[in-house]
Colleague: 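Just dropping this structure here.
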Number of protein chains: 2
Amino acid sequence: MSILAVGSIAFDSIVTPAGRAENVLGGSATYFSLSASYFTDVRVVAVVGDDFTAEHENILKKRGVDTRGIERAKGKTFRWGGKYIENLNEAKTDFTELNVFERFQPRIPAEYMGSKFLFLGNIHPSLQAAVRREMNSVRLTGGDTMNYWIQGTRKELTETLKLINVLLINDGEAKMLAGESNLPRAANKVLAMGPHALVIKHGEYGATIFFREGAFGIGRHPFRAPALPLDEVKDPTGAGDSFAGGFMGYLASQEELNREVLKRALFYGGVMGSFAVERFGTERLQSLTREEIDSRFQIFRELTHLE
Amino acid sequence: MSILAVGSIAFDSIVTPAGRAENVLGGSATYFSLSASYFTDVRVVAVVGDDFTAEHENILKKRGVDTRGIERAKGKTFRWGGKYIENLNEAKTDFTELNVFERFQPRIPAEYMGSKFLFLGNIHPSLQAAVRREMNSVRLTGGDTMNYWIQGTRKELTETLKLINVLLINDGEAKMLAGESNLPRAANKVLAMGPHALVIKHGEYGATIFFREGAFGIGRHPFRAPALPLDEVKDPTGAGDSFAGGFMGYLASQEELNREVLKRALFYGGVMGSFAVERFGTERLQSLTREEIDSRFQIFRELTHLE
């Protein structure tokens with residue numbers, strides 16, 4: 001079933017110990033869409049400026065992503081610059097130019113209205129909520145957020161969390177959102193705010209999914225997917241959105257949402273995140289094959305599998 | 001087969017967010033021995049002072065640990081005090097009184113000489129090497145070290161690493177030892193220094209074992225064991241030595257060292273570490289049953305197991 005992704009499209013300038021890239025296509029909607037496109041049909045809603053060319057759009061179109069929801073506004077596309085120096089898990093921002101993204105009001109094309117899966121990328125929680133409320137067809141909503149919204153717009157975020165079925169955030173965000181430093185206790189507090197499931201991403205250590213009592217009818221034992229220890233991490237930008245794309249994309253490709261499917265989705269999330277970081281920007285996500293993806297899925301499975 | 005453990009016996013004073021404990025029995029040899037005692041026969045070599053009573057010794061004896069190698073010296077036993085405040089993975093040391101441990105010269109009783117497995121706890125690398133050289137019977141040597149020795153006695157440590165088959169350290173120690181921030185690359189550098197296998201402990205995220213090419217005849221793909229997300233961590237002291245006790249204890253209990261046995265050992269390490277932190281000091285390790293241990297092993301297995 002098709003997924004609608006709402007988020008940012010950006011041009012990123014990135015410095016890492018492995019090198020640098022200038023003005024490469026990025027943004028949460030871009031990474032998510034490319035990643036999910038290996039599993040299901042993806043539709044995207046985002047805003048870009050005059051500097052977003054047909055060539056940029058073709059990166060998405062080549063992967064079959066429906067780009068009719070990309071709005072063109074006067075001005076420049078969102079730009080971000082950052083460095084990963086000592087800690088590959090955390091970028092130091094050099095500059096953020098919101099540009100056309102500052103006044104982004106997501107508009108859902110009529111053709112997208114039947115979407116059954118929705119991913120709300122990391123944008124203002126009120127915009128996330130507005131999109132969700134507009135989409136009556138949606139069966140499952142995934143969402144992301146960040147420290148900026150947790151601290152600055154907690155009231156709005158609290159409302160939005162009631163509309164999100166699966167929240168995907170990292171350890172630090174989960175602890176901040178819950179005001180609790182123990183991870184399982186933080187997870188329970190976040191689940192009490194609305195989501196049926198909470199995916200906590202641990203960077204190079206993988207991810208854990210926690211379930212609310214009774215959610216999906218599958219019991220509440222958490223499940224953890226390890227990540228592959230990677231020899232080479234070129235650029236961590238977009239790892240989280242690529243994870244979300246693999247996770248949501250796999251869910252959308254399945255008939256039924258049971259525990260085994262959610263577990264596999266967590267592994268596919270880790271697989272897509274691990275590919276994303278192997279090259280700068282979206283390069284690696286543009287040219288994968290499903291065979292490469294499934295072969296890495298097997299490696300991840302073997303990584304913790306006991307006979 | 002029996003394991004000989006060499007390390008410290010200490011009295012610890014610990015403050016954590018869950019409470020405090022004063023002068024409780026601790027030290028690397030204590031945690032290791034109690035943990036390994038659920039899997040095999042354990043013999044311990046350590047030094048204590050006049051303040052180490054029969055009651056203290058009974059904690060080990062009750063678990064069947066052979067305490068004939070505990071030397072009694074004039075003076076006080078090693079004492080350590082520390083706090084875990086914001087970060088449960090790292091203690092802030094309040095005081096270290098080496099006392100009789102300062103002049104510790106491990107003496108191996110004749111009765112221990114046939115030991116097939118040896119664990120060298122976190123002591124001066126030259127002492128570790130001296131013990132290993134004395135023990136001709138040993139088939140497999142596990143060892144630990146820490147930042148203090150990596151920085152202060154690198155030359156001696158480099159010699160000792162050639163005598164250690166499985167080194168068990170944490171992420172930060174592995175990166176410091178290798179001078180390399182990427183974990184798999186750091187692992188390869190450490191393996192080039194001598195050990196056939198390197199276990200890197202990730203705290204709440206589990207542990208990964210890396211193998212040297214050709215070691216144990218099992219291929220060099222790493223293997224990762226997750227840790228259980230714990231609701232309650234009362235006291236992280238001794239988690240690493242308890243991990244080592246579960247890992248080495250399980251290995252010593254098996255006929256053969258193949259890949260599957262090493263994988264299971266990594267899981268048992270995580271299981272014993274997870275029990276250790278549930279109570280202050282060694283309390284939880286004193287009263288476990290093998291059934292409780294195997295039941296948690298199954299939970300850990302389920303935590304990442306795909307059908």
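All values below come from the heavy atoms of this structure, side chains included, with hydrogens, waters and symmetry mates left out. Everything numeric here is computed off the predicted structure, so don't read it as measured data. So that the names make sense, note that chain A is the first sequence line, chain B the second, and so on, each numbered from 1.
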Colleague: Give the minimum heavy-atom separation between B:P229 and A:R224, together with the two atoms involved.
Modeller: CG-NH2, 3.8 Å
Colleague: Heavy-atom distances under 4.5 Å only: say whether A:E204 touches chain B with side chain, backbone, both or neither.
Modeller: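 Answer is both: backbone and side chain atoms of A:E204 are under 4.5 Å from chain B.
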Colleague: Where on A:T304 is there a heavy atom nearer than 4.5 Å to chain B: the side chain, the backbone, both, or neither?
Modeller: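 The answer is both parts of A:T304.
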Colleague: At a heavy-atom distance under 4.5 Å, which candidate from A:E302, A:E260, A:E232, A:R185 has the highest pair count against chain B?
Modeller: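 Counting heavy-atom pairs under 4.5 Å, the top option is A:E260.
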Colleague: Would you mind reporting whether A:L306 and B:F223 have side-chain heavy atoms less than 4.5 Å apart?
Modeller: yes
Colleague: Can you tell me if CZ on B:R20 sees more than 12 non-hydrogen neighbours from other groups inside 6.0 Å?
Modeller: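 Atom CZ in B:R20 is not packed in, count stays at 12 or less.
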Colleague: A:V233, A:N188, A:L266, A:D171: which one forms the most heavy-atom pairs within less than 4.5 Å of chain B?
Modeller: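 Of A:V233, A:N188, A:L266, A:D171, A:D171 has the most heavy-atom pairs under 4.5 Å with chain B.
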Colleague: Would you mind checking which part of A:L230 comes under 4.5 Å of any heavy atom in chain B, side chain (CB onward), backbone (N, CA, C, O), both or neither?
Modeller: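 For A:L230, the contact with chain B is made by the backbone alone.
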Colleague: Can you tell me if B:E90 has over 12 outside heavy atoms packed within less than 6.0 Å of its CD?
Modeller: no
Colleague: Take B:E307 and A:R264 through the test salt bridge (Lys or Arg N to Asp or Glu O under 4.0 Å) and record every step on the way to the result.
Modeller: CA-CA 9 Å; B:E307 299 302 320; A:R264 286 173 175 265; over 6 Å; no
Colleague: Does any heavy atom of chain A fall under 4.5 Å from the side chain of B:H305, the backbone, both, or neither of them?
Modeller: both
Colleague: Please classify the contact between A:N182 and chain B as side chain, backbone, both or neither, with a heavy-atom cut-off of under 4.5 Å.
Modeller: side chain
Colleague: On the 0 to 90° scale, with breaks at 30° and 60°, tag the A:Y205-B:Y205 ring pair as parallel, tilted or perpendicular.
Modeller: parallel
Colleague: With rounding to the nearest 0.5 angstrom, report the CD1 to NE2 distance, B:I299 to A:H221.
Modeller: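 The NE2 atom of A:H221 is 7.0 Å from CD1 of B:I299, to the nearest 0.5 Å.
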Colleague: So which part of A:F297 gets closer than 4.5 Å to some heavy atom of chain B, the side chain, the backbone, both or neither?
Modeller: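 Contact with chain B involves the side chain of A:F297 alone.
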